[in-house]
Every structure is written in C-alpha cells, then in structure tokens.
Visitor: 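Can you read through this structure? Questions will come right after.
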Amino acid sequence: MEKNLTARYLAAKRALFDKVYGDLNDMQRQAVFTTEGPLLVLAGAGSGKTTVLVRRIAFIIRYGNAYFTDFTPHNLTEEHVADLEHAIHLSVPEIEQILPEFIHDPCPPYRMLAITFTNKAAGEIKSRLVTQFADETLAGDIWSGTFHSVCMRILRTYGDRVGFGKGFTIYDTDDTKKAVVAIMKKLNIDEKQFPPKAVITTISHAKDKLMTAEDFAVEAGVDFRLSRIAAIYKGYEELLRASNAMDFDDIILHTVRLLRENPDVLSYYQRKFKYVCIDEYQDTNVAQFVLSSLLSGGSHNLMVVGDDDQSIYKFRGATIENILGFDKAFKNATLIKLEQNYRSTKTILDAANGVIGHNLGRKGKSLWTAGEVGEKIILRKCEDQMGESRSIVDTIRRMAETQGRKYKDFAVLYRTNSQSAGIERALQRSTVPYRVLGGTRFSDRKEIRDAVAYLQLICNHADRERLLRIINEPRRKIGDKTLAAVAAIAEEQNTTLFEVMDRADEFVALGRSAATLKAFTAMIHRLTSLMDTLPLPDFFDEVMEQSGYRQMLIDGGEPEKERLENIDELKSNMMEYVGTTTEMGDIPSLVDFLEEYALVADVDKYDTEADAVVLMTIHSAKGLEFPVVFLPGMEDGIFPGMQNIMGGADDMEEERRLAYVAITRAREQVVILHTRSRIWYGQTVANPLSRFVGEIPEECLVREDLTMEGLAKAAVVTTGVKPATQPTSYYERPRRPKTPVHTDRLTVGQPTPAATAEARQSMNALNPGDRVIHATFGEGEILSIKPMGADKLIEVMFDIAGTKKLMGTYAKLKKL
DNA sequence: CACGCTCTGCCTGCG
DNA sequence: GCAGAGCGTG
C-alpha cells in the first residue's frame, strides 16, 4: 500500500513536470531533466540545442534533480497524492505554483558553469538565461562564457602560480606570427623551407594537445624538420615568457597546467562547480577536453552538447574523437539524441541525410521533421562564374518580387572567401542590398592594431612585439640598425628592449640614436602616468596625439581617410565599453579594456535586423539559418577543395560534414550552382559537379541548365530545330492542355547577348490572354507567363501548331 | 629609407 | 586574379 502510494506520487510528479515542459519534445525533455552524471546530448542541426541547454540550466537551478529523484516525503498522504494526480488538469501556470514542493538539491547559480566557443553563443545563452529567470542577477551569477574567458578568469586569480605577472598580455595570431618570424631569423631558419604559417600551425596544434616545447622536442627526436620546429617552439615560448605574454592556445594550456600542478586550486574549482555544461562539444580539442574533465571532476556532472556531423574545425585542432569517445571517457554516460528538426523542409533534410550518410566515422543520427516536404532543391548549371553570379541575383530579385520575400531571407554560402568577389560584382550592378561577412576583421586592420599596440605597450612595457610594431610608426628615424643594436644589448644584459631604450644614453653603441630612443620612452612614460587619471576615451585621444599617430594619418590625406575613421570607430567602441561597464559599478581600466578587446572578437558581427542579402563562408554560417540558401561553386576542386580530394578519407569526411552544414542552413529552399567552366586562381578550369551533390537523392532535385549548350537545347525544344523549313502540318493539331503542364524539369535560360533590349521590352508588354503572332507557329493566345531567371517562360496555345512553351527572348512574339 | 615593380602562392578561422 | 612580400633603385 505504502509502496503503491510512493509510485503514484512519483508518477504524478513526473506527469506535472512533463506537462509544464510540454513545449519540448520527449527527447528534449529528457535532456532537461537528466541532471546527474555525464551526459552527452547529440543535437542535430536545427533540433533546438540551445533551448535544451538553457532550459536545463534553469531547471537545475530552480528544481535541482526534482524529476528523476526517487525521493518521497515521509509524510505522504493518500489525499495529497490524489491532489497531485488531479492537478494534471490545471493550467500550466497553476501547476508551476505546485512544482516548488518537488525541489530536490537545487544548484546555486554561482556553482553552474556553462562554456561555449564563441562570444556570440555565450551572449545568446546569457540573454536567454535572463529571460528564464525573472531575477536578472540570478542569471548573472552563472559562470558562463567562452573557454578563453573562463580560463582568463581563473588565470587572473592564479596566473602567478604558473609564472605570469599580474598584467600579462594576450598575443593574437598576428603577434604570434611576428614573434615566430623573429625567432626563425635568430635561429637562421629559412622561411622558404619552413613557411611560418605551417610552423605556427604545428606549434598551435602541439599546444592544443598539451604538448610543451620540451614534449615536442622529445617527440621530434632526430627528425630534422620536427626538431627545427621544436627549436622554434622553444624560442617562441621563451619570448612569450620574457614579454609576460600568452597566446590564445596558452590561455587553455596554462589553465590546465595550473589545475594539474596545484591540487588546492583544482580542488577549489572542483568543489565550486557542481554542474558543468559545454556547448559545441564537437569543436573541442584535447586541451579543452582535459580542462572540461578537470573542472567537472568533483561532481562528475558534465553535460556536453554537440553534433558530430557538424564537426568542421579539425584544421584548427578540434578532435571529433572527443564526442565520438565521450561514453568511453566518462563511465555511465547518458546519451540522448535530438533528431527532430524544427528548421527545414523534409526535402532539405532528406538531401542532408543523404549526404552525411556517406560518412563512416559518426554516431549516426537521422534528422526528421513533422513539417512539409517543401520545394525541391534547384540544381543549376551555369556557363561560367559570371552566369552563376547573375543567376543568383536574378533569382533573388524574382523571389523577392513573386514570393514577397525580404532580402534578408537570402544567404549565399561559399567554400572560400575568394568566391564572394564575383557575386558581389553582380549584386553591385543590381539594386539588391547585401553584406559580406568575413575577410579582414576590424581588429585586423593595421591602424587598429597599431593604436591598440600603443595601449598594450603602455600597460606592459616588456611587450616586445608591440614595441617593435609601433616604434617607427609614425616615422621616428629608428631603423633596423638601431633596433638590432638595442636587441643585442638587451640580450646581453638580459633585460627588455624598453629598458635598454630607456637608458639609451648609458650605451655607447647606441651613439647618436640615444636621444631619439629616450624621447620615445619618455613619451610612453608620460602616457603611462596619464593612464589612470583620464577616462579611457580621452586617454586614447591623448595617446593618438602625443604619439603623432593621428597627425601621421591626417598628413596622409585622402588615402588615409578611412584609417582615420577607423581610429574614431575604435574610440567610440571604447566609449561604448566604458558606458556599459560603468553601469555595472566598476570603473573600467585600460587593462580591463585590453583584455576584453583581446578576447572579444569584432562588434561588426552579423546583424539579423538589416534587410540585406548576406554573403559568407559556410564555416561562418554554422549555427545560423536562412529561408533561402544559395550554394555556388558546388564543384569537385572547389567543394570539396583540391587539397581535400588529394588528402585522406578523414579530410573528405570533414568536407562532407561541411556540405551537411551548408544544406541544413536552409529553412525552405536550397539552390545549388555549378559552372561549365570558371576562372579559379587565375586558371580556367572545368570542374565536375561536386561529388556531394551526387549523394543527394535524385527525387530531392530539379535540374536547370543555363549553359550556352543548355539554352540552345531549350531553344530547340521550345521553338523547333529549323522552324523556317518545317511544314506547319508537322505539329500537332490545336488542343488545349487538360492540366497545366509543370515547367519544373524544363531547361530554361537567361538572356544571352542575343537578347536585345527591344526583345525584352516587347516581351514585358505581353500578358496572358493576349493574341500574338510567331514567325513559325503563326497566331496564338498566351496561356501563361512565368519568370525564369531574368527571362520569361511564355506558354502559348497556337491556333495551328498547338501549345508551346517559349523563352520570351528567343520567341520574338508580336502582340496583335 | 621610401617607393614601385615583380613574384609568388592561394581553404576554412574561434579566441 | 589579386594581395602581400620582397627586392631593387632613386
């Protein structure tokens, strides 16, 4: 009897939770309610991944392990259980009033850690958490951020334990490159034989795997190539140490080292974090995997969300094995798959499933939808990249007109940034508004880097790379010779460049340059003393004035105008930064700003509001969705790229995942484009259709041929081979079609140079119902007119020749 | 030391 | 096809 009551109580409780979370599907709900132990949520594209993540965090904070716990109050009565059973008929808000009685071991917000990859994702999680809680501060207490920001928060407290001073600097990829090149020069290593880019990638991947310079040297052994890189790695590490700086990889690496080497610190964080959640787990590398296990090592409540099929960042160190081997790495892990897709049509999902199904190394998911079949995927062949670009613009214009779509409904996603140029040109000629994402980032512009380098040097005089960057910018007549002398003295005295310059008059070797060098350090000292007395933007103005940087740009005149504007833009970023942070109470220091600046990428991110077609790489489109997606350049040699065709099977699988990501960005319509021939890196190539397109089920596709050949054939089909010599009796007798003929599979085209403005004009004047005359077919009546590319498909019922479909520009119809 | 010419090499890119 | 790097000259 007692046992029965308990069972009824638990069932009633779970039914109530199920009803309140009824807006989620079964799998999503299970993920939300599973709070204890390692949990892997395999979330397919568009399956509500972020929703689950956010709702689960909110659930744990509010109710703890309320759903799955078998805990029952000891004073359970028949009456109470009956009440609970009846409560199922109440409304959701009413039930929510009851739920607090089931709270079991809830988690205080500050013991919750949520890690994402991008600032954008972190921002989205934060804002969605705020809407989950009425109390904003509750959401604010949650530790949520990127891997790097979370690690920085830890390193800011304990950085000294791994040998970094308080104000350590973060080196970005450009600083790293300069440093590595400098080391290579010093070690006399030929840049031709060892391209710095490859060296940097190798070092970065070593760091991703938690390999130190010593580890790397051991692994390299006697291998000539690797041991040279090991030497560079070692020199680079020493340089970073001397500059009191870390690169991005180091931020993770040193945090792991800190936790591994300091049991007290590890134990503090393990006790602190009761729940750890990692987003985009398929993108994690070895270091991040180790970090996740360390931080969650106290409670073992590690939840990871990801999609092995969307792992597209192997090239920057991600190991798909983290997600594939999660259950092996964490015993008793729960696996939940989210396969219901709320984004795309059935056709799009069938296509995506068809493609990804060709991969072997995957957990195996199959997306499905309760939604509609939708439009077929258009597979369009164009003559060249010009035709490809134009047809995209034409289709956008047509769909905007006929389907009432907004421009922001369209995205053009390509494999490489270089593909954007042609499409941009076509868009520029039209009136279609567009934006291009990617390319040079704001923070990568030279003037921005220079300006920030001044600030960084002011904060950290030891910063060698930043000093070298701006020492002669503007020109101060401090050339390579002088700097080499300074560097030599610094080496000998085992001190920093700045220190030597500061005491330049003490070194005979510096001779006449001493005064110039001292003038420079004096300026930096002067600015350093101003640092804490002025508000940040005013201080920045002062730096730009005293350094002469602003004057240099002004003197540069018209060509430097944009740079000057960018400097002002940076200042307004600062004003914004000061404005937002002071609201939260702290007065932001220069150090705070620089850290934020190093960690937070550009502000000029994708703005969903502006009504414009958006162009970007498939990589940057991950996580986004659009009603209509164009995929130009679907050709073997472009996508998959040549280097992936030559590479191993793993590379091809990654490339295929990228194709999967591309297709699943679309909600309603995909247009795949390829060309007969195109100019690719200055060479004319005729690529075969992408192998990935061949993996899409044929019934998902509808083909269009806009090549010259295709158009010629279409013209033959619609207007007859040699119309003038064909007897009219050859054609069937007049007959109205019983049902409108579908034009789907008809090959249609855009106007060729032959299409004169005159032809277009006369075509535009035509309407269904008009009587027309054709050179060959004689008189007839227009049944319908459909836009096709830039042209029109006109269906005419001729009195003698029967019903024909004609391309407007070829048909030369005359209105009667 | 600054400018201009030629040569090369080229995918994707968060923090 | 184009941009950035490197080299040579005024």
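Below, chain A is the first sequence line, B the second, and so on; all start at residue 1.
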Visitor: Can you tell me if A/Asn417 touches the phosphate of B/dG13, counting only side-chain N or O atoms and a distance under 4.0 Å to OP1 or OP2?
Guide: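 Answer yes for this pair, as a side-chain N or O of A/Asn417 is under 4.0 Å from OP1 or OP2.
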Visitor: Please work out whether the ring planes of A/Phe164 and A/His254 are parallel, tilted or perpendicular, with thresholds of 30° and 60°.
Guide: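 Geometry flag for A/His254 against A/Phe164: tilted rings.
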Visitor: Identify whether a stacking contact exists between A/Phe315 and B/dT12, where the ring centres must be under 5.5 Å apart and the planes under 30° apart.
Guide: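 Yes; centroid distance and tilt both under limits.
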Visitor: From B/dC11, B/dC14, C/dA5, pick the nucleotide closest to the side chain of A/Thr118?
Guide: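 My answer, after comparing the listed nucleotides, is B/dC14.
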Visitor: Which of these passes salt bridge (Lys or Arg N to Asp or Glu O under 4.0 Å) with A/Arg469: A/Asp463, A/Asp175, A/Asp174?
Guide: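 Among A/Asp463, A/Asp175, A/Asp174, the one meeting salt bridge (Lys or Arg N to Asp or Glu O under 4.0 Å) with A/Arg469 is A/Asp174.
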Visitor: Distance check needed: B/dC10 P versus A/Arg678 CZ, whole Å only.
Guide: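 Going from CZ in A/Arg678 over to P in B/dC10 covers 20 Å.
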Visitor: Between A/Asn472 and A/Gly682, which has a closest nucleotide on DNA chain B that is more 5'?
Guide: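 The residue closer to the strand's 5' end, by nearest nucleotide, is A/Asn472.
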Visitor: Decide, yes or no, whether a salt bridge links A/Glu654 with A/Lys314 under the criterion of side-chain N to carboxylate O below 4.0 Å.
Guide: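 Looking at A/Lys314 together with A/Glu654, the answer is no, because their closest N to O distance does not fall below 4.0 Å.
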Visitor: Between atom CD in A/Gln643 and atom P in B/dC11, what is the gap in whole Å?
Guide: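 Taking atom P of B/dC11 as the reference, CD of A/Gln643 is at 7 Å.
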Visitor: Regarding A/Thr173, tell me which of base, sugar-phosphate or nothing describes its non-hydrogen contacts under 4.0 Å with the strands shown.
Guide: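 Touches a base.
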Visitor: Closest to the A/Asp249 side chain: B/dG15, C/dA5, B/dC11?
Guide: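 The answer is B/dG15.
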Visitor: Contact class for A/Glu654 vs. all strands (heavy atom < 4.0 Å): base, sugar-phosphate, or nothing?
Guide: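 Since no nucleic acid heavy atom lies under 4.0 Å of A/Glu654, the category is nothing.
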Visitor: Below 4.5 Å, heavy atoms only, C-beta onward: do A/Arg425 and A/Ile423 meet side chain to side chain?
Guide: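 No; the side chains remain at least 4.5 Å from each other.
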Visitor: Only pairs with both distances under 3.5 Å count, Watson-Crick or wobble alike; so what is the partner of B/dC10 in this structure?
Guide: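 Pairing partner: C/dG1.
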Visitor: B/dG13 phosphate, OP1 or OP2: any side-chain N/O from A/Thr617 under 4.0 angstrom?
Guide: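 Yes, because at least one side-chain N or O of A/Thr617 sits under 4.0 Å from OP1 or OP2 of B/dG13.
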Visitor: Could you pick out which residue, A/Tyr313 or A/Lys192, lies toward the 5' side of DNA chain B when each is mapped onto its nearest nucleotide?
Guide: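 The residue mapped nearer the 5' terminus is A/Lys192.
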Visitor: Of all the nucleotides listed (C/dA5, B/dC11, B/dG15), which has the minimum atom distance to the side chain of A/Phe248?
Guide: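 Nearest to the side chain of A/Phe248 among the choices is B/dG15.
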Visitor: Give the nucleotide from the list B/dC11, B/dC14, C/dG6 with an atom nearest to the side chain of A/Tyr681.
Guide: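 Nucleotide nearest to A/Tyr681's side chain: B/dC11.
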Visitor: Using whole Å, report how far CG of A/Asp384 lies from P of C/dG1.
Guide: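 My rounded result for the distance is 12 Å.
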Visitor: Angle between ring planes, A/Tyr313 versus A/His619, binned at 30° and 60°: parallel, tilted or perpendicular?
Guide: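 If you compare the ring of A/Tyr313 with that of A/His619, the planes turn out tilted.
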Visitor: Ignoring backbone atoms, test whether A/Lys314 places a side-chain nitrogen or oxygen under 4.0 Å from the OP1 or OP2 oxygen of B/dC14.
Guide: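 For B/dC14, OP1/OP2 do not have a side-chain N/O of A/Lys314 under 4.0 Å.
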Visitor: Out of B/dG13, B/dG15, C/dG1, which nucleotide sits closest to the side chain of A/Thr146?
Guide: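 Nearest to the side-chain atoms of A/Thr146, counting from C-beta on, is B/dG15.
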Visitor: In whole angstroms, how far is the C1' atom of B/dT8 from the CD atom of A/Glu191?
Guide: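 A/Glu191 atom CD is separated from B/dT8 atom C1' by 14 Å.
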Visitor: Report yes if at least one side-chain N or O of A/Asn119 is closer than 4.0 Å to OP1 or OP2 of B/dG15; otherwise report no.
Guide: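 True: A/Asn119 side-chain N/O within range (under 4.0 Å) of B/dG15 OP1/OP2.
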Visitor: Below 4.0 angstrom from OP1 or OP2 of B/dG15, is there any side-chain N or O of A/Ser149?
Guide: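 No, A/Ser149 has no side-chain N/O under 4.0 Å of OP1/OP2 on B/dG15.
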Visitor: Is the shortest side-chain N/O distance from A/Arg475 to OP1 or OP2 of B/dA2 below 4.0 Å?
Guide: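 So the side-chain polar atoms of A/Arg475 do come within 4.0 Å of the phosphate oxygens OP1 or OP2 of B/dA2, strictly under.
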Visitor: Starting from C1' on B/dG13, measure out to CD1 on A/Ile312 and report it in whole angstrom.
Guide: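 Roughly 10 Å, once rounded to whole Å.
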Visitor: Taking atom P of B/dC11 as reference, at what distance in whole Å does atom CZ of A/Arg656 sit?
Guide: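 It works out to 22 Å between those atoms.
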Visitor: Under 4.5 Å between any side-chain heavy atoms of A/Lys178 and A/Val181, yes or no?
Guide: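 Side chain of A/Lys178 against side chain of A/Val181, heavy atoms only: no contact under 4.5 Å found.
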Visitor: Rounded to whole angstroms, how far apart are CE on A/Met642 and P on B/dG9?
Guide: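 Going from CE in A/Met642 over to P in B/dG9 covers 18 Å.
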Visitor: Round to a whole Å and report the spacing from NZ of A/Lys120 to C1' of B/dG13.
Guide: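 From A/Lys120 NZ to B/dG13 C1': 15 Å.
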